Asks: 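Take this structure, written in structure tokens, and hold onto it; I'll ask about it next.
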Amino acid sequence: MTVRRKLIAGNWKMNASFASNEELLKGLSAGFQQLCTEAGKESMPDVLVCPPAPYWAAVNILLEGSGIEQGAQDVSEHAKGAYTGELSVSMLQEFKLKHVILGHSERRRDQFQTDRLVSLKVAQVVQAGMTPLVCVGETQAEREQGLTQAIIKRQVLSALSLLPVDFDGVVVAYEPIWAIGTGLTATPEMAQEVHGYIRGLLEQRTTHAHALRILYGGSMNAQNAKALLSQPDVDGGLIGSAALSSSDFLSIIAAAVARNP
Ligand code: 13P
């Protein structure tokens with residue numbers, strides 16, 4: 001059986017300032033070090049924070065030597081050129097960023113990102129040797145109409161459609177839209193049902209499906225993290241509001257520490 005190291009990623013969205021970043025990351029780094037000492041490095045989940053781009057340089061300095069990594073919230077599908085307001089893969093690489101969230105429902109909704117556009121971004125990121133965190137998820141109305149699997153299937157297969165056969169190094173994040181920022185969370189059983197379904201979709205595309213991580217996102221917090229992370233196909237979390245408090249985020253990280261029986 002493959003053991004997938006858990007991944008706990010914080011999506012800060014449009015929340016940051018030099019002062020609040022420093023406070024948050026100092027607390028997070030110290031707490032993370034303490035957990036490492038208590039649990040042992042090999043039992044720790046991978047931890048990632050994704051701040052807004054203007055803070056990448058300062059965050060790199062704050063995270064130096066901490067073992068916590070920094071990722072981006074989106075990236076252009078183009079390599080360079082006349083694309084006002086966009087950021088390229090090579091810019092992320094100059095800041096040593098290896099992970100990037102793609103197809104977040106807020107980008108799909110507010111920037112009108114389509115499945116096709118997300119697939120171009122995913123291909124660009126994988127080709128650069130970086131890891132995309134590909135977000136998928138249904139609305140409340142779609143769930144009520146029994147369309148959850150159809151929506152997830154379309155989004156997952158489309159996002160991966162331009163990747164070579166047997167691709168590796170992709171993370172999928174199941175983020176039911178009705179659970180994002182609402183305080184409503186999928187129950188562990190609901191999350192597992194969709195994650196298991198996503199695993200099956202990945203198996204159609206790559207022999208590495210068993211090794212790929214599938215994260216849950218949507219009001220994950222210190223209280224519900226442990227039950228969600230105990231599900232066999234929930235390999236971590238993509239966390240919004242609870243990632244803005246070092247103590248809340250640390251509680252989620254602690255819930256992801258692998259405990260040997
Ligand atoms: P919340 O944790 O605030 O619900 O946000 C989840 C999310 O959108 C992470 O990408």
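Order of appearance sets the numbers: ligands from 1, and atoms from 1 within every ligand. Index from 1, following the sequence. None of the values given here were measured: they were computed from a predicted structure.
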Asks: Under 3.5 Å, N or O to N or O, is Gly181 touching ligand 1 that way?
Replies: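 So ligand 1 has an N or O lying under 3.5 Å from an N or O of Gly181.
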
Asks: Determine the minimum heavy-atom distance between Ser219 and Asn224, stating which atoms define it.
Replies: O-ND2, 2.9 Å

Asks: Is any side-chain N of the basic residue among Lys26 and Glu22 closer than 4.0 Å to the acidic one's carboxylate O?
Replies: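 Yes, charged N to carboxylate O under 4.0 Å.
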
Asks: Have a look at Gln73, Glu106, Lys13 and point out the one with the heavy atom closest to atom 8 (O) of ligand 1.
Replies: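 Nearest option to atom 8 (O) of ligand 1, by heavy atoms: Lys13.
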
Asks: Pick out which of Asp248, Leu28, Ile68 makes a side chain to side chain contact (heavy atoms under 4.5 Å, CB included) with Ile253.
Replies: Leu28

Asks: Do Val125 and Val171 sit in one hydrophobic cluster, given that two such residues count as connected whenever their side-chain heavy atoms are within less than 4.5 Å of each other, even indirectly?
Replies: no

Asks: Does the side chain of Asp74 come under 3.5 Å of the side chain of Gln111 through a donor N or O and an acceptor N or O?
Replies: no

Asks: Which atoms of ligand 1 have any heavy atom of Gly218 under 4.0 Å away?
Replies: 4 (O), 6 (C)

Asks: Answer yes or no: is there a side-chain heavy-atom contact under 4.5 Å between Val170 and Thr131?
Replies: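 No - every pair of side-chain heavy atoms lies 4.5 Å or more apart.
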
Asks: Record the part of Ala179 in heavy-atom contact with ligand 1 below 4.0 Å; permitted values are side chain, backbone, both and neither.
Replies: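 Looking at Ala179 and ligand 1, just backbone atoms fall under 4.0 Å.
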
Asks: What are the atoms of ligand 1, with element, lying closer than 4.0 Å to any heavy atom of Ser241?
Replies: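 Every atom of ligand 1 under 4.0 Å from some heavy atom of Ser241: 1 (P), 2 (O), 3 (O).
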
Asks: Nearest protein heavy-atom contact for atom 7 (C) of ligand 1: which residue, which atom, what distance?
Replies: Glu175 OE2, 3.2 Å

Asks: Could you check whether Arg199 pairs with Asp235 (Lys NZ or Arg NE/NH1/NH2 to Asp/Glu carboxylate O, under 4.0 Å)?
Replies: yes

Asks: Run the contact test for Ser219 against ligand 1 with a 4.0 Å cut-off on heavy atoms, strictly below, and give the result.
Replies: yes

Asks: Can you tell me the protein heavy atom closest to atom 2 (O) of ligand 1 and the distance?
Replies: Gly240 N, 2.9 Å

Asks: Just to be sure I read this right, does ligand 1 sit under 4.0 Å from the backbone of Asn11, its side chain, both, or neither, counting only heavy atoms?
Replies: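 Just the side chain.
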
